[in-house]
Q: 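Just passing along the structure, written as structure tokens.
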Protein chains: 2
Amino acid sequence: MLTFERQELILSLLKENQIVKIQQLVEETQASESTIRRDLTELESQKRLKRVHGGASLITKKLEEPSLLEKQSKYSAEKSTIGKYAASLVKEGDSVFIDAGTTTKTMAEYLHGKEIVVVTNGLNIITDLLDNGIKTYLLGGYVKAGTHALIGRGAVESLNSYQFDKAFIGANGADTESGFTTPDPEEALIKSTAIDKANNAYVLADHSKFGDVSFSKIKNLNEAEIITSEKLDKELQDKYRKYTELKVVHIN
Amino acid sequence: MLTFERQELILSLLKENQIVKIQQLVEETQASESTIRRDLTELESQKRLKRVHGGASLITKKLEEPSLLEKQSKYSAEKSTIGKYAASLVKEGDSVFIDAGTTTKTMAEYLHGKEIVVVTNGLNIITDLLDNGIKTYLLGGYVKAGTHALIGRGAVESLNSYQFDKAFIGANGADTESGFTTPDPEEALIKSTAIDKANNAYVLADHSKFGDVSFSKIKNLNEAEIITSEKLDKELQDKYRKYTELKVVHIN
DNA sequence: TCAAAAATCAATCACTTTCAATCAAAAACA
DNA sequence: TGTTTTTGATTGAAAGTGATTGATTTTTGA
């Protein structure tokens, strides 16, 4: 087989599968591992694909650079750890809803290469998902300026045509009396609906969210599990455990 | 065998197989390797094929989509002018569909401040629209890796809940026989549906698109007006005017 | 959590194939 | 016949190949 031929084959396999492993390519092309590696290096330098450990993935143009603001945002280490743990809950074959927001965004990069289907209402996390070779569906609807979340009738209707194994939701407040809350009623409706459509619902919340109450209620505490970090006081952890299950993540 | 004869044979073998090896050609033509090499060199200089190490390949890439990056660089001045004119067609109060793509993207920045509602299937133009203060709705559906266009059942269903005063569509080919075409059938369906739902439909096409034919048909030429530029030959302009209205934009 | 085990990686070697350049013989032409 | 064009063989250079190495990364399991 000609070099050119083989490289085209690699690209077409990649387009089909979003992501390919080197061993897979060795089998398909009957070439040695070395040769495949050289092909991948060359194709990457041509910007026709992106190499990842163990194989290659489709290249995607960034929708937006991760803004400085996001990087500097509060508790980013904590959020990242929470996101990583949330990603570990996702198993091969799962269908998953991931909410718009900064905490949920950190999940995306840890989902790399998993054979799953993700539905989201957050434009901010689309590129992360695609870069990691995830099959991604987006809700339709009105694009809220600022957060770039999808809301409104269209979004809810879109949502109603899906079922999820797991839903990962962000919230601005988690309070024993008021439950999970968020400022925008429209967003609250999306989050609430997503929880309803999932077998397992998780709210991702760093320690600063506990005790806070926002304008719009999403759900009661007992309607979703909480993923948080050890930064939350032991006392408070125990308090909240009376209302719902709490997954407390250790921070490095 | 005559030189000319042999070269035609090479080309016809190439068309059959997309790619041919030198040894294969030596066998078929009973000529020496050197002769074949000379033929290939000559045919390549005539741009009738592309040499690759070990053989030659066709230069056609109609089924392949140029990457977003490639698209953006080509004819950008022309596209920008076309986009500007398209934006000028939009009146206050209009509800407008804007297709995913690079040409349509240039529209967005010229819509600044207009009191309109925009629906789009292109993630690549969302930020431009929001930055210019446009009320923006997004179709739902599957996010196509690479172009970041929304496609699939969800996208079509979303589309069906809207009505547009005007739709602005991109296409890869515009041909008198084959009509408007684009490589991906899923995208073709979205474009076609959007045209159906609009009182006025416009296809934005720079001069390079005319006469080209891609894999999937969108609509016949007479089902939308074309916005193009004066870079399109006068002769061709007249030819296409027999099939549909042509808005020819002057480039500064 | 941490360290051992496994997998993946880039770099290099020896070997094969393909390449362009050259030259002389054969064929075509006048 | 002599001249030009085409052809096939030869050659050293360039490109491509698979195997092996030891370094790096990821996964596993105590």
Side-chain angles (χ1 to χ4, degrees), chain A residues 1-11 13-14 17 19-46 48-57 77-78 80-85 87-92 107-116 131-134 229-231 247-252, chain B residues 1-11 13-14 17 19-46 49-57:
Chain A
M1 188 181 311
L2 268 45
T3 305
F4 172 82
E5 216 175 350
R6 191 181 51 241
Q7 292 183 351
E8 290 299 315
L9 178 58
I10 290 174
L11 287 172
L13 285 168
L14 189 54
N17 305 334
I19 192 163
V20 284
K21 294 196 177 67
I22 291 210
Q23 282 316 315
Q24 199 178 330
L25 293 175
V26 168
E27 277 181 39
E28 292 279 353
T29 63
Q30 299 290 339
S32 73
E33 206 177 294
S34 296
T35 299
I36 298 296
R37 284 184 197 291
R38 275 186 282 252
D39 283 340
L40 294 185
T41 307
E42 189 182 339
L43 289 169
E44 181 175 45
S45 77
Q46 293 172 8
R48 305 232 276 162
L49 53 73
K50 193 177 90 184
R51 291 193 72 176
V52 296
H53 195 86
S57 81
E78 185 179 1
S80 174
T81 315
I82 291 173
K84 183 175 183 179
Y85 176 78
S88 76
L89 296 178
V90 178
K91 305 298 173 205
E92 296 285 311
M107 272 188 77
E109 60 188 285
Y110 294 109
L111 291 173
H112 180 82
K114 286 194 173 158
E115 268 292 324
I116 57 176
D131 283 349
N132 286 297
I134 309 286
S229 84
E230 60 186 357
K231 277 206 176 177
K247 294 181 188 299
V248 180
V249 182
H250 176 71
I251 300 180
N252 294 326
Chain B
M1 190 183 303
L2 268 48
T3 303
F4 169 80
E5 213 175 336
R6 191 181 52 242
Q7 292 186 352
E8 288 303 314
L9 177 56
I10 290 174
L11 287 173
L13 284 169
L14 190 53
N17 306 335
I19 190 165
V20 284
K21 299 183 200 2
I22 293 218
Q23 282 316 314
Q24 199 178 329
L25 293 174
V26 168
E27 279 180 39
E28 293 279 353
T29 63
Q30 298 292 337
S32 72
E33 205 177 295
S34 296
T35 300
I36 299 296
R37 284 184 197 290
R38 274 186 282 255
D39 284 339
L40 293 184
T41 308
E42 191 181 340
L43 289 169
E44 181 176 44
S45 76
Q46 294 171 10
L49 54 74
K50 192 178 94 185
R51 290 193 72 177
V52 296
H53 196 88
S57 87

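Order of the sequence lines sets the chain letters (A, B, ...), proteins ahead of strands, with each chain counted from 1.
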Q: Specify the separation, in whole Å, of atom CG of L40(B) and atom P of dT18(C).
A: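 Taking CG of L40(B) and P of dT18(C), I get 13 Å after rounding.
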
Q: Counting side-chain heavy atoms from CB outward, which of dA10(C), dT1(C), dT18(C) is closest to R37(B)?
A: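 My answer, after comparing the listed nucleotides, is dT18(C).
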
Q: Roughly, in whole Å, what's the span from NZ in K21(A) to P in dT8(C)?
A: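 In whole Å, dT8(C) P and K21(A) NZ are 9 Å from each other.
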
Q: I82(A) and S229(A): which non-hydrogen atoms are nearest, and at how many Å?
A: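 Heavy atoms of I82(A) and S229(A) come nearest at CD1-N, 4.2 Å.
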
Q: Can you tell me if Q46(A) has over 12 outside heavy atoms packed within less than 6.0 Å of its CD?
A: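 Enclosed.
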
Q: I'd like to compare against my own output: the B/S/- annotation of nucleotides 14-21 of chain D with a strict under-4.0 Å heavy-atom distance to protein.
A: -SSBBBB-

Q: Can you measure K84(A) atom NZ to dT1(C) atom P for me and round it to whole angstrom units?
A: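 The distance from NZ of K84(A) to P of dT1(C) comes to 9 Å, rounded to the nearest Å.
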
Q: Between the side chains of R48(A) and E8(A), is the shortest nitrogen-to-carboxylate-oxygen separation below 4.0 Å, so that they form an ion pair?
A: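 Counted as a salt bridge, because a side-chain N and a carboxylate O are separated by less than 4.0 Å.
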
Q: Paired with dA30(D): which nucleotide, if any, by Watson-Crick or G-U wobble criteria at under 3.5 Å for both distances?
A: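 Pairing partner: dT1(C).
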
Q: Whole-Å distance between dA7(C) P and Q23(A) CD?
A: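 Atom CD in Q23(A) sits about 10 Å away from atom P in dA7(C).
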
Q: Main chain of E92(A), side chain of E115(A): is a donor-acceptor contact present, judged purely on distance under 3.5 Å?
A: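 No, the answer is negative, given that no donor and acceptor are paired below the 3.5 Å cut-off.
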
Q: How is V52(B) classified with respect to the nucleic acid when contacts are heavy atoms under 4.0 Å: base, sugar-phosphate, or nothing?
A: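 Result for V52(B) = sugar-phosphate.
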
Q: From the options L49(A), L9(A), L40(A), select the one residue that forms a side chain to side chain contact (heavy atoms under 4.5 Å, CB included) with L14(A).
A: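 The passing option is L49(A).
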
Q: Please step through salt bridge (Lys or Arg N to Asp or Glu O under 4.0 Å) for the pair E42(A) and R38(A), ending with a clear verdict.
A: CA-CA 6 Å; E42(A) 189 182 339; R38(A) 275 186 282 252; over 6 Å; no

